[in-house]
**Student:** 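Quick one: the structure is below, and I'll ask about it shortly.
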Protein chains: 2
Amino acid sequence: MSDQDTAGLRARLVQAGVDLLTEEGVQALSLREIARRAGVSHGAPRRHFPTHLSLLSAIARQGFADLADKVAADIDGHRTDPRAQLMALGRGYLDFALAHRGMFELMFRHDLLESNQLGLRETSLPLFQILVDLVSRVQPRSDVPPPVVAGALWSNLHGIAQLWRWGSLQLATGTDDVEPLLRAALDAHLGPAGR
Amino acid sequence: MSDQDTAGLRARLVQAGVDLLTEEGVQALSLREIARRAGVSHGAPRRHFPTHLSLLSAIARQGFADLADKVAADIDGHRTDPRAQLMALGRGYLDFALAHRGMFELMFRHDLLESNQLGLRETSLPLFQILVDLVSRVQPRSDVPPPVVAGALWSNLHGIAQLWRWGSLQLATGTDDVEPLLRAALDAHLGPAGR
DNA sequence: CGCTTCGCGTAGACACTGTCTACCTCTCTG
DNA sequence: CAGAGAGGTAGACAGTGTCTACGCGAAGCG
């Protein structure tokens with residue numbers, strides 16, 4: 001019996017889901033297929049997750065945690081300059097969205113998640129708080145409140161991620177590089193870089 | 001026999017789908033339920049749409065057309081001022097996303113659409129062209145090319161729509177009004193209003 | 001006119017899904 | 001040692017998308 005088998009089934013199911021998600025995408029995440037991957041019968045998950053959506057929510061939660069970790073690490077690289085930290089945050093967000101396509105899609109598919117349940121919509125709050133902090137450090141005295149600027153900037157990042165994955169932005173702007181868009185978004189919301 | 005029945009089944013299926021979509025949301029759009037709504041057997045749609053996804057794609061196409069019409073109408077209200085036209089466009093986009101929640105969701109659910117098929121991803125191009133035109137009229141001489149500014153602005157609008165529908169922005173910014181975010185986005189990408 | 005073809009809808013099968021329920025088998029405890 | 005309960009198994013059920021065989025009615029044609 002390997003230690004994989006001795007591990008709690010709950011964690012094993014989540015891991016199997018993450019693997020399946022990265023390998024085959026969201027539509028492959030059926031409850032029965034996840035159970036098969038974990039080597040148990042299709043009824044087993046029910047002992048740990050009352051419903052299919054609650055299992056998918058657990059998988060998404062893992063994704064939110066990974067994203068938060070990654071962005072925090074990316075920011076740590078530029079300890080001094082808040083402007084550079086914001087750039088790193090934006091790049092990290094887009095990197096994650098493009099590198100973990102399935103996971104990113106799941107994370108914002110509120111029809112597949114228990115979004116009403118406490119603790120899921122709130123998962124992105126710490127990340128947003130970091131964003132607000134950085135924004136207010138870059139713009140100490142703006143007429144627009146920092147949370148609004150941060151919200152607009154986050155929306156911009158998220159929209160770029162979404163439309164880029166969809167392929168529309170490449171088609172519309174005629175380029176294959178996200179970088180100009182990312183730079184344009186940051187310059188727009190924070191003012192040009194070297195002001 | 002009403003003229004509803006004499007109409008081609010193809011159009012009737014799309015209409016039934018649109019109705020079902022606005023009434024019950026995306027997850028209710030099963031092929032069999034649409035067929036039931038249209039008063040035919042579950043095999044009938046196959047004569048007009050080879051697969052479930054192609055039927056959903058036709059429904060989404062209707063949505064893209066409606067959105068383009070609405071935005072064009074909204075813009076026509078302010079014939080003179082391109083800045084006001086952009087504001088109208090943005091507001092129209094958000095209005096549509098919030099008023100036709102199911103349709104807007106379907107339109108950007110590329111897992112439910114034949115997004116590789118010609119003619120669907122391109123549906124948003126005319127709208128984007130209008131956006132580029134308006135942007136280049138507001139900013140005649142910017143160092144950032146108009147398509148990039150337009151792409152960034154579109155991303156921002158789309159991101160606001162997405163995150164607002166999800167509820168994250170209300171939670172994060174602590175407000176129940178999208179207007180400040182819309183205004184912040186336009187000011188950011190085009191410069192303050194009365195410059 | 002009679003016959004054939006064919007567009008278009010029907011009906012049933014198949015594999016697959018999520019959920020529910022009855023069972024079975026361990027392990028821990030009094 | 002007996003019993004209880006946690007946790008996995010297996011089967012049923014309604015629903016899904018797709019495929020196939022069938023039927024019907026209208027149009028075309030000698």
Side-chain angles (χ1 to χ4, degrees), chain A residues 1-17 19-21 23-60 102 105-106 109-117, chain B residues 1-17 19-21 23-60 102 105-106 109-117:
Chain A
M1 178 185 288
S2 81
D3 45 13
Q4 282 281 357
D5 295 352
T6 66
L9 179 54
R10 184 188 169 93
R12 246 170 62 220
L13 285 168
V14 172
Q15 188 54 49
D19 294 348
L20 193 57
L21 185 53
E23 290 172 28
E24 313 208 21
V26 176
Q27 69 267 44
L29 280 187
S30 77
L31 187 129
R32 288 168 114 106
E33 183 60 31
I34 297 177
R36 245 169 266 142
R37 282 263 182 153
V40 291
S41 73
H42 68 273
R46 186 147 242 273
R47 300 287 170 197
H48 303 272
F49 302 97
T51 177
H52 184 206
L53 268 67
S54 69
L55 172 51
L56 296 187
S57 299
I59 297 173
E105 182 178 345
L106 174 66
R109 278 284 298 278
H110 64 282
D111 59 311
L112 294 184
L113 308 177
E114 297 171 315
S115 42
N116 297 333
Q117 218 70 16
Chain B
M1 179 188 286
S2 82
D3 46 13
Q4 280 283 356
D5 296 352
T6 65
L9 179 53
R10 184 186 168 94
R12 246 169 63 219
L13 284 168
V14 172
Q15 188 54 49
D19 293 348
L20 193 57
L21 185 53
E23 290 173 28
E24 314 209 20
V26 176
Q27 68 266 45
L29 280 188
S30 77
L31 187 132
R32 290 168 112 105
E33 183 59 30
I34 297 175
R36 245 170 266 143
R37 282 265 182 150
V40 291
S41 73
H42 68 274
R46 185 147 241 273
R47 299 287 169 197
H48 303 272
F49 302 96
T51 176
H52 185 205
L53 267 67
S54 69
L55 172 52
L56 296 188
S57 298
I59 297 173
E105 183 179 345
L106 174 66
R109 278 284 298 277
H110 65 281
D111 58 312
L112 295 184
L113 308 178
E114 297 171 316
S115 41
N116 297 333
Q117 218 70 16

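All values derive from a computational prediction rather than experimental measurement. Numbered from 1 within each chain, the chains take letters A, B, ... in sequence-line order.
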**Student:** Are B:Val26 and B:Leu21 side-chain neighbours, meaning at least one heavy-atom pair lies under 4.5 Å?
**Tutor:**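 Of all side-chain heavy-atom pairs linking B:Leu21 with B:Val26, at least one is under 4.5 Å.
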**Student:** Which nucleotide wins on minimum distance to the side chain of B:Leu31, given the candidates D:dA10, C:dT10, D:dG17?
**Tutor:** D:dG17
**Student:** Heavy atoms, side chains only, cut-off 4.5 Å: are B:His110 and A:Glu105 in contact?
**Tutor:** yes
**Student:** Would you say the base of D:dG17 and the side-chain of B:Arg32 have a donor-acceptor pair closer than 3.5 Å?
**Tutor:**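 Between D:dG17 and B:Arg32, which were checked side chain against base, a qualifying N/O pair under 3.5 Å is present.
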**Student:** Which comes earlier along DNA chain C counting from the 5' end, the contact point of B:His48 or that of A:His42, where each point is its nearest nucleotide?
**Tutor:**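 Result: B:His48.
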**Student:** Report yes or no: is there a donor-acceptor pair, N or O only, under 3.5 Å between the side chain of B:Arg47 and the base of C:dG7?
**Tutor:**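 Check fails, no donor-acceptor contact within cut-off.
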**Student:** May I have the distance from A:Arg10 (atom CZ) to D:dG8 (atom P), rounded to whole angstrom?
**Tutor:** 12 Å
**Student:** Using ring-ring contact (aromatic ring centres under 6.0 Å, His included) as the criterion, list what pairs up with B:His52, not counting sequence neighbours.
**Tutor:** none
**Student:** Is the shortest side-chain heavy-atom distance between B:Ile59 and B:Phe49 below 4.5 Å?
**Tutor:**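 Heavy-atom side-chain distance check fails, nothing below 4.5 Å.
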**Student:** Residues of residues 51-59 of chain B with any non-hydrogen atom less than 4.0 angstrom from an atom of DNA chain D: list those, numerically ordered, please.
**Tutor:** B:Thr51, B:His52
**Student:** Does B:Asp111 reach the side chain of A:Arg109, with side-chain heavy atoms less than 4.5 Å apart?
**Tutor:**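 In short, these two side chains touch, coming nearer than 4.5 Å.
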**Student:** Check every strand shown and say whether B:Ser30 touches a base, only sugar-phosphate, or nothing at a heavy-atom separation below 4.0 Å.
**Tutor:** sugar-phosphate
**Student:** How many Å lie between CD on B:Glu33 and P on D:dG15, as a whole number?
**Tutor:**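 Atom CD in B:Glu33 sits about 10 Å away from atom P in D:dG15.
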**Student:** Roughly how many Å is it from CZ in B:Arg12 to P in C:dC8, rounded to a whole number?
**Tutor:** 13 Å
**Student:** Evaluate the side-chain proximity of B:Arg47 to B:Leu9: yes if any heavy-atom separation is below 4.5 Å, no if none is.
**Tutor:** no
**Student:** Within the structure provided, determine whether B:Leu106 and B:Leu113 are in side-chain contact (heavy-atom separation under 4.5 Å).
**Tutor:**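 Sidechains of B:Leu113 and B:Leu106: in contact.
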**Student:** What is the separation between atom CG on A:Leu29 and atom C1' on C:dT17, rounded to the nearest whole Å?
**Tutor:**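 Result: 14 Å.
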**Student:** Whole angstrom is fine here: how far is it from CD1 in A:Ile34 over to C1' in C:dC16?
**Tutor:** 15 Å
**Student:** Nearest whole angstrom, please: distance from the C1' of D:dG17 to the CD of B:Gln27.
**Tutor:**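 It is 18 Å, rounded to the nearest whole Å.
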**Student:** From the set D:dA10, C:dT17, D:dG17, return the single nucleotide nearest to any side-chain atom of A:Arg36.
**Tutor:**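 Among the listed nucleotides, the one closest to the side chain of A:Arg36 is C:dT17.
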**Student:** Whole angstrom is fine here: how far is it from CG in A:Leu13 over to C1' in D:dG7?
**Tutor:**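 Whole-Å distance recorded here is 12 Å.
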**Student:** Rounded to the nearest Å, what distance is computed from the CZ atom of residue B:Phe49 to the P atom of nucleotide C:dG9?
**Tutor:** 11 Å
